[in-house]
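See structure below.
Sequence lines set the chain letters: A, B, ... in the order given, protein chains first and strands last, and positions in each chain run from 1. Keep in mind that the numbers below use all heavy atoms, side chains included, and drop hydrogens, waters and symmetry copies.
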Amino acid sequence: MATTAHVRPNYIMIWLYLFVLTVVEVAAAFLSHIPKQWLILILIFLAVWKALLVALYFMHLKFEPWRLRLIFLVPLPLATILVVTTIMENF
Amino acid sequence: MTSVAHARPQAHDGAHHAPMSFWQKYIFSTDHKIIGIQFLFVSLFFLLVGGLLAIQIRWQVGFPGTPMPLAGLLPESMAVGGVILPEYYIQLVTMHGTFMVFFAIMPLLVGVYANFLIPLKLGTHDMAFPRINMWSFWLALLAGMIMLAGFFVPDGAARAGWTMYAPLSARPDLSGATLAQQLWCVSIVVLGLSSVMGSLNYITTVINHRAPGMTWFRMPLSVWALFITAILGVLALPVLQGAAIMLLFDQTIGTHFFDPVAGGQALLWQHLFWFFGHPEVYILILPAMGMVSDIVANGSRKPIFGYHSMVFAIIGIAFLGWIVWGHHMFMSGMNPTLGSTFMVSTLLIAVPSAIKVFNWMGTMWRGNLRFHVPMLNAIGFVSMFTIGGLSGIFMAATPVDIPIHDTYFIVAHIHYVLFGGSLFALFAAIPYWYPKMFGRLMSEPLGKIHFWLTFITYNLVFFPMHVIGMGGQMRRLYDPTIYDFLKPQQPLNEFISIAAFALFAVQFLFAFNFIWSLWKGKKAPQNPWEDNGLEWTLSNPAPHGNWEKVPNVYRGPYEFSSPESPNSDFLPQHVKLPTDRDPVPAPPPAGH
Amino acid sequence: MSWWLPPAASTFAGPIDTLFIVILILTGIALVVVEVGLVVFLVRYRARPGRKAFYTHGSTRAEIIWTAIPAVTMVALGLVSNHYWVMMKSKKSVPANAIRYGVHAKQFEWQMSYAGADGTLGTDDDFMVRNQLHIPVNQPVSLTLTAEDVIHSFFVPEFRVKQDAVPGMNIVAWFQATKAGEYEIGCAELCGMGHYKMRARVFVHTPEEYTAWLAEQAAAAQGGE
Amino acid sequence: MTHATAAADLMRPPSPAEPGAGVYSNKLGMWVFLASDVMFFTALIGSYIILRFGMSEAWAAPGAVLNVPLTGFNTFLLICSSVSMVKAYAAIADGKPYFLRPVAGKMLRDGGLKFWLLVTILCGAAFVGVQVYEYIKLVEHGFTPAGYREGSLIAEHALADPVRYGAATGAMYGSTFFTMTGFHGFHVTCGVVAMTYLYFTKVLPEKYSPQDYRGIETIGLYWHFVDLVWIILFTIVYLI
Ligand code: HEA
Ligand code: HEA
Ligand code: CUA
Ligand SMILES: [Cu+2]
């Protein structure tokens, strides 16, 4: 069975990882004095990091063939195009 | 989710089943063919509804202020003394566009033919998820009923155009309709759900359930087109759903997404709608193109010209379709720089479209053309779609779009691509696969008369609309004679209307042919069109479960007049020549 | 009726009509190639007993040709169009000497506001005229389009001008009329039940007429208060 | 019913020589569905981003209106449910359908599918419960989909400190907040219902085995996706 063929990641470690990142996020948002623009960048970076952890390990995309990953990747550029274009409206 | 998750595996193959009651077999059926046929009847009904609305539109535009025959049947809120009221007119236009696009053409192409053809042409027993498929049909029907209900609620049907531009659509005090506007949104959300369920089924089936030897590049172009269409559907409809939900919330629970007074953006609706809307118009044309490709190759008795580039053209059109939506918004106050980029991407769509048109011609070139009814309508498609596509170039060039945007020029474009394109393709596809559905052939002579009369009246209706539009006549205009500069055109409007009534009447030839042939049509031989597709290896109508054992596939679907088959001018996909080797069975998917 | 675009009455009409004709020729060629080609094929290659079709899977060279020609044409068309598009619609292209007017659209009328005696829009002495736009001939004018309730669209066919007025936005449209006279303004965006009768007029005056009219109106507005 | 044929087809391997996606159809179908769900959330989240960018006035400061600690706890719940879901999946893949397993004389060392899926369902249900509570409190305080309700507590705060409470943007804040989190909550609810259904029809009767646990893997993908969306939402709605 393919999913057991790979070494199974330590799910508890990833859970810890996610937990710590969440704590860092909340702390950065409320306790730090980072300028707003930087803070936003940092928070988004952390969110994407967490989302990737979930997608790669919990949804085991890391261990799937590219054919399958592609399905999840296709909508992302479309979403970006929609949002970025429409925001340009304001400039 | 549950239905995905809980189907139980059983390691067996082939078609076997206990006898089923009428209800199981024809109503709550999970058989892809029955579902396709259900879609066929329902969407033909909605086509009729759309047509009935269209002739009322034409009556009003051609003869404003004149009492309409039979208008006495309408309540006072729609027509007084037989004269259509302005508020009813905009309901007519809105619901005509909505029904035609969402409940007639889209289900006819996708609901009917993706369901019916994909498993038959790929060689599998059914869709990947038959029960989800059944739900897809019932939700579509429900959505249609909700939409239709709009006409029967006290303040009348939705009335902001099929594009539902906010804030008009969001504010009952400005549009004059409360419940119907909400019904429109609810209906679209349900329809979106149905469409997503259908599409994910088609995608999974195409990827995972092909017959042995049916490689990607041996798939018929119809299946390719339906596959790419399903991808568009799965990605585009949720955006519309999201937008419709926001609109619904604006109408009901007091949110302000599209209300500029509270910080919302009116253009946001347009961006979301057209981000869905343009892929949607390709949902309405790609399956038509695919089926026409099959029929043109068959009618020409020649392999399709440039199969691979035809595939890549489908993919190219679908891809470009995502980055052109702004061409509907050139005059909307959108940032003009965006207008420039959207113009260029829009113009580029002419390139893959050119490949398609010229390759169809290349297919006919030096062929041995058989003019059966499907072929005639397919040729009608090629010539009429070209006109519609070329008028798109005028609108894509932004400066030229200034005078013609939101005029009848656009209306002409719409109908050339949607009627001349999609509907002609359906007039080709319906008789072509009719035997596979019902075991009988539709009448050829009647079909030919219908084709010619439609072809002529159709052009008489819609070609002059270009002229009317150049003259400046706006769309969705209750009474053009209000404007001095439009008055001189009124005779032409009358002419269009009369032609439209004729066009409408002619469609009853088709309806008659369709219904009459159900019982009285000639019994179809097994392969009436001498085609290569796997579906013709089955009896007519195709049996439940399709094949006892799925045939192996040895070649592409367009091997007509091949030197390898000297005795006939076609060579079906499943026929094994001495030189052919059997496909190697691959291991089943990992883990199961 | 004219069977063509309405008579031209602004500086935009020249380029737009020319571009229209260019596209008509380009697409006309494509149309003739396709339709004539189809008819010829239908006649020449109709099925006859004993004939067999020519077995071929295509020709890469032919396909490259009919891919490249449309591609080049379309890119060229895009570049040319863009030049005029920027001229007509870009915010930066509004001439500095354009006379400014405010056009406020609401269900179902157009409210045109004029700079009063001081010559600037947005001051106290502005005056408003319903459904009438008075402008001088051969003078660039710029309209600031706003909307009260829903989206409307300012459309004067003879000027080849069309621009939506969107609630919550201030959109500027400019043009220069070239022929004195009276023209109709239509609303080109469905805006509700009365969309069809949201009609107004533009009066294009000679400079003298225009000054006279302006003085008269300003006086009337002053007197009215 | 035609279940028999249906199930037969689900097991039909992809055709030879053409391996398809290389995964079984349920999983493939779920991934396609998730792709489409991405587009659905794009419409909602995208609109939020666009609308927020489009306003010149400031948005309410993080934590001013919303109860971030409570939601932080909720986020924690959802992450926990995600890990318990993946544990459930691993358990059945290893052939462990039971609740608890005695290890070295003690119980509770290592649960099986029944245990971990139950944890997931409970966490999910708790998440929905907390969210409903949050909504009730917010509406009580005057924060509604239409904005700050006039005369309410929050409206008063907004009057006193217009910048911190984003007085000018309250209407958009309400619109986007409730729509986005509401539809996320709806997704969670659907997941909980589906898992509960599976729990009683499949998990308790021990219908899953290491040979076939497609239902668990498929619903798991959905569940993790809902978690993933929340990760994004929590950051951009509550923290930024
Ligand atoms: C099936 C549906 C369908 C299809 C296929 C198309 C195809 C195209 N459409 Fe159309 N369109 C609609 C349905 C469709 N459209 C609808 C419903 C609306 C109105 C919506 C509303 O407002 O209600 C609309 C509106 C619309 C607009 C907005 C107009 C406006 O409101 O101002 C524009 C603008 O660019 C446009 C452009 C195009 C283009 C460039 C194509 C191209 O894809 C066409 C490409 C095809 C060809 C070009 C012909 C074949 C090619 C050759 C023969 C090669 C040689 C050609 C050249 C060298 C030019 N369409
Ligand atoms: C596929 C799409 C489609 C089709 C087929 C049609 C068909 C027709 N349309 Fe329409 N139309 C649209 C899509 C379509 N339209 C859209 C999207 C709009 C824009 C809406 C908007 O602005 O919001 C529009 C707008 C529109 C307008 C502009 C209104 C306005 O702006 O004020 C007009 C005006 O003449 C018009 C006329 C017609 C006519 C006369 C037909 C005729 O061809 C109708 C002929 C009749 C039929 C095709 C029915 C035949 C069916 C049967 C007889 C049933 C058979 C049954 C069985 C076998 C059981 N349409
Ligand atoms: Cu105002 Cu139409
Ligand atoms: Cu488009």
Got B:V239 and D:F40 here, is their nearest side-chain heavy-atom distance under 4.5 Å? no
Output all residues satisfying side-chain contact (heavy atoms from CB on, under 4.5 Å) with D:L204, sequence neighbours left out; order by chain, then residue number. D:F99, D:K114, D:Y199, D:F200
Minimum heavy-atom separation for B:A262 to D:M172, with atom names? O-SD, 3.4 Å
To the nearest 0.5 Å, what is the distance between OG (D:S36) and CD1 (B:I203)? 9.0 Å
Looking at D:A35, D:A171, D:A168, D:P145, which has the largest count of heavy-atom pairs under 4.5 Å with chain B? D:P145
Could you have a look at B:N552, B:T205, B:I253 and say which one has the most heavy-atom pairs with chain D under 4.5 angstrom? B:I253
Chain D contact via B:F249 - which portion, at a heavy-atom distance below 4.5 Å: side chain
Within residues 35-59 of chain D or reaching into it, pairs that qualify as salt bridge (charged side-chain N to carboxylate O under 4.0 Å, His left out) - sequence neighbours excluded: none
Between CG of B:N201 and OG of D:S25, what distance do you get to the nearest 0.5 Å? 9.5 Å
Side chain / backbone / both / neither for B:I245 at chain D, heavy atoms under 4.5 Å: side chain
Walk me through it: do B:L268 and D:L51 pass the test side chain to side chain contact (heavy atoms under 4.5 Å, CB included)? CA-CA 8 Å; B:L268 176 63; D:L51 289 166; 3.9 Å; yes
Quick check: do D:L28 and B:I207 have side-chain heavy atoms less than 4.5 Å from each other? yes
Heavy atoms, side chains only, cut-off 4.5 Å: are B:L272 and D:S47 in contact? yes
Residues of residues 175-184 of chain D with any heavy atom under 4.5 Å of a heavy atom in chain B: D:S175, D:T176, D:T179, D:F183
Roughly how far apart are B:T204 OG1 and D:Y24 OH, rounded to 0.5 Å? 12.5 Å
Against chain D, label B:F275 side chain, backbone, both or neither, depending on which of its atoms sit under 4.5 Å from a heavy atom there. side chain
Between D:A146, D:G46, D:A43, who has the most heavy-atom pairs with chain B when the cutoff is under 4.5 Å? D:A146
For B:A170, give me all partners under side-chain contact (heavy atoms from CB on, under 4.5 Å), at least two apart in sequence or on another chain. B:L247, B:D250
Testing B:L235, B:L237, B:V234 one by one against D:M39 for a side chain to side chain contact (heavy atoms under 4.5 Å, CB included), which residue passes? B:L235
Please tell me if the side chains of B:F129 and D:N26 come closer than 4.5 Å, counting only heavy atoms from C-beta onward. yes
